[in-house]
Number of protein chains: 2
Amino acid sequence: MSEISTQELKKAGLKATLPRIKILEILEQSEMRHLSAEDVYKALLETSEDVGIATVYRVLTQFESAGLVFRHNFEGGHSVFELNEGHHHDHILCIKCGRVDEFLDETIEQRQKIIAREYGYAMTDHSLIIQGICPECQERAKGKE
Amino acid sequence: MSEISTQELKKAGLKATLPRIKILEILEQSEMRHLSAEDVYKALLETSEDVGIATVYRVLTQFESAGLVFRHNFEGGHSVFELNEGHHHDHILCIKCGRVDEFLDETIEQRQKIIAREYGYAMTDHSLIIQGICPECQERAKGKE
DNA sequence: CAGGTAAATGAGAATCTTTTGCATTTCGCT
DNA sequence: AGCGAAATGCAAAAGATTCTCATTTACCTG
Ligand SMILES: [Mn+2]
Ligand SMILES: [Mn+2]
Ligand SMILES: [Zn+2]
Ligand SMILES: [Zn+2]
């Protein structure tokens with residue numbers, strides 16, 4: 001079953017080592033789409049794989065360079081990673097419970113390109129995060145009010 | 001001259017202490033609009049004020065709570081602060097030289113509100129950063145090519 | 001399939017940014 | 001001037017990430 005992961009790694013130009021295979025599978029199989037290095041490390045511990053946290057950081061950074069994952073800075077302090085499944089999207093986060101939703105708005109995407117051009121920048125990337133309170137957390141707040 | 005700063009602090013509900021006055025003046029007088037805690041600390045050293053880095057962090061956080069400054073997470077790792085001068089704006093950053101430009105796009109602002117509503121979120125904030133290569137850095141690259 | 005080699009790893013130390021604990025100082029108000 | 005609460009400086013601590021280096025592993029060759 002790790003054959004598929006092995007192929008993906010090779011295709012990305014990475015040696016198919018045990019830690020890399022395991023980490024890739026965790027990213028693919030986790031029900032959370034956005035995982036911190038610590039999240040990945042904890043998941044590894046549960047598979048009883050003896051992988052160090054330093055390797056988790058190294059591998060995630062390599063995955064990013066290889067285009068296998070995206071790194072996001074949702075909250076100051078630590079990065080989260082998610083598999084690159086080909087479709088760009090932005091994020092909307094609940095500041096109460098941490099829920100993450102994803103969206104893509106073509107109007108915004110276009111405006112960004114126009115703005116970059118106006119300022120003479122060659123746009124390489126962008127990061128848009130909407131923060132708010134999710135429907136559930138709004139209900140919860142209403143309840144105990 | 002620090003009278004004005006003293007007033008601003010009092011109005012914001014903060015005791016007008018020497019460190020707070022100095023830090024506010026640095027934010028007001030710096031030619032850089034976006035300063036890290038370390039930047040502020042270095043500027044303080046040059047005024048030969050004996051302020052600890054811990055106080056810099058504490059004061060900047062208080063200024064943020066008081067609405068005097070905004071905190072941004074431009075690059076993973078550290079926050080930058082800028083005076084709140086009343087107008088919200090987003091940022092476009094050069095990944096080569098660190099230059100920061102500011103913009104405001106009403107179309108994007110509106111779309112964000114609509115998206116939050118679509119997902120049922122009560123939007124509290126948002127952060128949009130366009131990354132790219134500024135005109136000067138594009139020229140520089142062209143030159144040595 | 002053994003052997004060699006460069007690349008990858010684990011453990012812990014190191015780094016970097018930010019926060020915290022605590023003794024001491026300062027501010028704002030009599 | 002004097003009091004009490006709030007603020008500060010310093011050093012230690014914390015949290016996230018990177019680095020060092022001895023050891024192991026993946027992959028190529030014969
Ligand atoms: Mn996502
Ligand atoms: Mn700005
Ligand atoms: Zn929520
Ligand atoms: Zn530039």
Side-chain angles (χ1 to χ4, degrees), chain A residues 2-3 5-26 34-45 47-66 68-69 71-81 98, chain B residues 2-3 5-24 26 34-45 47-66 68-81 98:
Chain A
S2 66
E3 268 315 299
S5 309
T6 300
Q7 299 311 316
E8 291 182 71
L9 289 168
K10 295 250 170 96
K11 187 165 16 160
L14 296 171
K15 247 161 93 167
T17 64
L18 211 58
R20 299 214 264 230
I21 293 169
K22 278 290 162 199
I23 291 172
L24 185 52
E25 293 184 342
I26 283 167
H34 308 88
L35 300 174
S36 68
E38 197 65 32
D39 291 334
V40 172
Y41 180 63
K42 289 205 197 99
L44 277 170
L45 291 182
T47 72
S48 70
E49 284 302 328
D50 193 8
V51 175
I53 185 76
T55 298
V56 173
Y57 278 102
R58 276 187 294 236
V59 167
L60 288 172
T61 301
Q62 293 155 355
F63 282 8
E64 184 191 13
S65 301
L68 292 177
V69 305
R71 178 197 301 257
H72 306 293
N73 288 112
F74 283 171
E75 350 165 24
H78 67 357
S79 300
V80 298
F81 300 84
Chain B
S2 66
E3 268 313 300
S5 308
T6 301
Q7 299 311 318
E8 291 182 72
L9 288 168
K10 295 248 171 101
K11 187 164 21 162
L14 295 171
K15 246 161 95 169
T17 64
L18 211 58
R20 300 213 265 230
I21 293 169
K22 279 290 163 198
I23 291 172
L24 184 53
I26 284 167
H34 307 89
L35 301 174
S36 69
E38 197 64 31
D39 291 333
V40 172
Y41 181 63
K42 289 204 196 98
L44 276 170
L45 291 182
T47 71
S48 71
E49 284 304 328
D50 193 11
V51 176
I53 185 74
T55 297
V56 173
Y57 277 102
R58 276 186 293 234
V59 167
L60 288 172
T61 300
Q62 292 155 355
F63 281 8
E64 184 191 15
S65 300
L68 292 176
V69 305
F70 293 118
R71 177 197 304 256
H72 305 294
N73 288 111
F74 284 170
E75 349 165 24
H78 68 359
S79 300
V80 297
F81 300 83

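Chain letters run A, B, ... following the sequence lines, proteins first and then strands; every chain starts at 1.
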[atom1] of [X] versus [atom2] of [N]: gap in Å, rounded?
| X | N | atom1 | atom2 | value |
| --- | --- | --- | --- | --- |
| B/Leu60 | C/dT18 | CG | P | 10 Å |
| B/Ile21 | D/dT8 | CD1 | C1' | 14 Å |
| B/Asp50 | C/dT25 | CG | P | 13 Å |
| B/Leu44 | D/dG9 | CG | C1' | 13 Å |
| B/Tyr41 | D/dT8 | OH | P | 15 Å |
| B/Leu35 | C/dT17 | CG | P | 15 Å |
| B/His78 | D/dT17 | NE2 | P | 15 Å |
| B/Lys22 | C/dC27 | NZ | P | 13 Å |

Nearest to the side chain of [X], heavy atoms from C-beta on, is which of [options]?
| X | options | value |
| --- | --- | --- |
| B/Ala54 | D/dT8, C/dT20, D/dA16 | C/dT20 |
| A/Tyr57 | C/dT9, D/dT8, D/dT17 | D/dT17 |
| A/Arg20 | C/dA8, C/dG28, D/dT18 | C/dA8 |

With the side chain counted from C-beta on, respond yes when [X] and [Y] share a heavy-atom pair under 4.5 Å apart, and no when they do not.
| X | Y | result |
| --- | --- | --- |
| A/Leu68 | A/Leu9 | yes |
| A/Val59 | A/Thr17 | no |
| A/Arg71 | A/Thr61 | yes |

Inset, instruction - Take the angle between the ring planes of B/His72 and B/Phe70 and call it parallel below 30°, perpendicular above 60°, tilted in between. - result: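 The arrangement is tilted - the two ring planes meet at 30° to 60°.
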Inset, instruction - Nearest-nucleotide wise, let me know which of B/Leu18 and A/Val51 is further upstream toward the 5' end of DNA chain C. - result: A/Val51
Inset, instruction - Find which nucleotide of DNA chain C each of A/Lys15 and B/Glu38 is nearest to by heavy atoms, and output the residue with the more 5' nucleotide. - result: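 Between the two, 5'-proximity favours A/Lys15.
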Legend entry - Phosphate OP1/OP2 of C/dT17: any B/Ser79 side-chain N/O under 4.0 Å: no
Inset, instruction - Considering just the side-chain nitrogens and oxygens of B/Thr55, establish if one lies under 4.0 Å of OP1 or OP2 belonging to D/dG9. - result: yes
Inset, instruction - Just call it for A/Arg58: base, sugar-phosphate, or nothing, with non-hydrogen atoms closer than 4.0 Å on any strand. - result: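 Base, at least one base heavy atom under 4.0 Å.
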Legend entry - Sugar-phosphate, base or nothing in reach of B/Ser36, heavy atoms under 4.0 Å: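 The answer is nothing, as B/Ser36 stays clear of every strand by at least 4.0 Å.
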Legend entry - Under 3.5 Å side-chain donor-acceptor pair for A/Arg20 and A/Ser5: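 Checked: A/Arg20/A/Ser5 side chains show no N/O donor-acceptor pair below 3.5 Å.
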